[in-house]
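Heads up, the thing below is written out as structure tokens.
Predicted model, so just to flag it, every value in this text is computed and none were measured. Below, all heavy atoms of this structure are taken into account, side chains as well, without hydrogens, waters or symmetry copies. Every number for a ligand or one of its atoms is a count from 1 in the order of the listing.
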Amino acid sequence: MSIAFIDLAAQKRVLGDRITAAMERVLGHCGFINGPEVRAFEEQLAAFSGAQHAIGCANGTDALMLVLMAENIGPGDAVFVPSFTFVATAEVVPFLGATPVFVDVQEETFNMDSQSLEAAVQTALHKGLKPRAVIPVDLFGLSADYDALVPVARQYGLTVIADSAQGFGCSYHGRRSGTLGDYTTTSFFPAKPLGCYGDGGAILTDDADKAALIRSLAVHGTGKDRYDNVRIGVNSRLDTLQAAILSEKLAIFEEEIAARNRIADRYTQGLAGVVKTPDVPQGLVSVWAQYTVRVKHRNAFAENMKRLGVPTAIYYATPLHEQTGYRGFPVPEAGLPVSNVLAQDVISLPMHPYLDEQTQDRIIEAVKASCTDAV
Ligand SMILES: *Cc1c(COP(=O)(O)O)cnc(C)c1O
């Protein structure tokens, strides 16, 4: 039997009629844009995370862009982003005319390193850029180290924008993703831990004024009078159908997070001493968007796994600062050595809440066999 890397069909079987019933309700009232399900889901999302306000939008990339727009970030401004992440984290910055400045990550957690952030701020200042914001990423489902990053951000007056596209639902010392930065953004792309059946995203914040500003920016810069657009905005909305689907998925999300953690624990036990397994610092709970290990001979390893019928994926084979569109942007003087090393040897194993123990064991055995062959 073939193994799925992420099994959305298994989740759909569990949710069963609830999804079709939710979609039927929307088909019944035909309020496809701004239907009642959108506000209802936003309120559920805010309650789940502990944030005061949640605003749905079209996708996780727009969520980041809308926050930068709300902070009026543009030419001459520096925004600090990790290099070891998905491209969306960085792309919104030059899109708005600002300069992304790359920051290295920690080898143990794959997440932004506060010392490298400090060095990157110095680089930006030397270049005459104005440090404005930092976008720590909760990579692979694990929260960044906000207790280390926020003080550096405060020292330089940076707005903290947590990119939790992969991390929504994770916890950091008892606090949920959504409350760890000035803003948190997330994505409901189907493969994310909380995904919909298409594109979707959201912004979370405790700041009521900024939440209202983002709502306006997401609907063409609309004012109180819908025929008077008071600022330049965009069109970025969460569809009613997607919101209805997401409410059903959010209702089982807590159980799914627990299941993901049981699977990750089992992988970590089974793979101890075989490959470098991912670390979860004390006080943190990951949502395991990816279970990412490090291996010595990655190409051979991946080929062996494939031969044994186990899919793998590489996040990320090239750090952003080495990608063609991003080579010209500043990096700290010491470079980004950890991002470079991780890009060489990381590889992710199948991960979703519905992996049964028998399949987990097959995967663990395949990893063991693939390593022996590879070395
Ligand atoms: C997926 C992702 C995004 C973008 O989300 P989309 O909904 O695909 O636009 C942003 N940042 C990170 C880290 C992601 O993994």
Side-chain angles (χ1 to χ4, degrees), residues 5-6 8 41 45 54-69 79-96 100 102-103 105-106 109-112 133-144 146 149 160-170 177-178 180-181 183-204 214 218 234-239 241-243 245-246 249 260 286-292 313-321 323 325-326 339 342-343 346 348 351-352:
F5 188 73
I6 290 176
L8 295 175
F41 172 66
L45 196 71
I55 305 120
C57 66
N59 56 66
T61 310
D62 277 10
L64 288 163
M65 182 185 71
L66 286 163
V67 171
L68 295 182
M69 287 171 75
V79 177
F80 302 92
V81 296
S83 176
F84 192 67
T85 180
F86 181 60
V87 66
T89 310
E91 78 178 301
V92 290
V93 179
F95 184 75
L96 292 173
F102 290 114
V103 181
V105 294
Q106 294 179 307
T109 61
F110 308 123
N111 279 329
M112 188 181 277
V134 56
I135 312 183
V137 175
D138 300 331
L139 200 74
F140 304 151
L142 181 71
S143 154
Y146 293 93
L149 295 168
V160 179
I161 306 162
D163 178 351
S164 211
Q166 301 179 15
F168 188 76
C170 74
S177 140
L180 300 166
Y183 302 89
T184 300
T185 63
T186 193
S187 162
F188 305 123
F189 181 80
K192 310 284 180 179
L194 181 63
C196 61
Y197 289 163
D199 276 310
I203 299 126
L204 299 123
I214 289 169
V234 296
N235 174 17
S236 185
R237 289 179 287 227
L238 181 66
D239 288 355
L241 270 170
Q242 300 301 346
I245 291 161
L246 281 162
K249 291 206 185 193
R260 286 173 181 273
S286 177
V287 289
W288 298 105
Q290 304 296 339
Y291 186 93
T292 302
I314 297 170
Y315 304 112
Y316 298 92
T318 309
L320 292 181
H321 73 283
Q323 295 190 18
Y326 292 84
S339 299
L342 291 175
V346 288
S348 303
M351 171 53 82
H352 62 81

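Those atoms of ligand 1 that come under 4.0 Å of a heavy atom in Ser187, given as number and element, are 5 (O), 6 (P), 7 (O). The atoms of ligand 1 that sit less than 4.0 Å from any heavy atom of Asn59 are 7 (O), 9 (O). Close approach to Thr89 involves these atoms of ligand 1, each under 4.0 Å from a residue heavy atom: 11 (N), 13 (C). Shown in contact with Ala88 at under 4.0 Å from a heavy atom are these atoms of ligand 1, numbered in order with element: 3 (C), 4 (C), 10 (C). Atoms of ligand 1 lying under 4.0 Å from any heavy atom of Val137, numbered from 1 in the order shown and given with element: 13 (C).
Considering backbone and side-chain N/O of Lys192, one or more are found under 3.5 Å from N/O of ligand 1. When only interatomic distances are considered, the shortest N/O to N/O separation between Phe86 and ligand 1 does not fall below 3.5 Å. Polar contact with ligand 1: absent for Thr85 (N/O pair, distance under 3.5 Å).
A cation-pi arrangement is not found for Lys249 relative to Phe168, the charged atom failing to lie both closer than 6.0 Å to the ring centre and inside a 45° cone about the ring normal.
For the residue pair Asp138 and Tyr146, a side-chain donor N or O sits within less than 3.5 Å of a side-chain acceptor on the partner. No side-chain donor from either of Ser83 and Ser339 sits under 3.5 Å from a side-chain acceptor of the other.
Taken from CG in Leu64 to CD1 in Ile135, the straight-line distance is 5.5 Å, to the nearest 0.5 Å. Rounding to the nearest 0.5 Å places CG of Leu238 at 6.5 Å from SG of Cys196.
Only the side chain of Asp163 comes within contact range of ligand 1, with a heavy atom under 4.0 Å; no backbone atom does.
If you check which protein heavy atom lies closest to atom 9 (O) of ligand 1, you get Thr61 OG1, 2.5 Å.
Between Tyr316 and Phe140, the ring planes lie parallel to each other; the angle is under 30°, not in the 30° to 60° tilted range.
For Phe41 and Phe188, the ring centers are positioned less than 6.0 Å apart.
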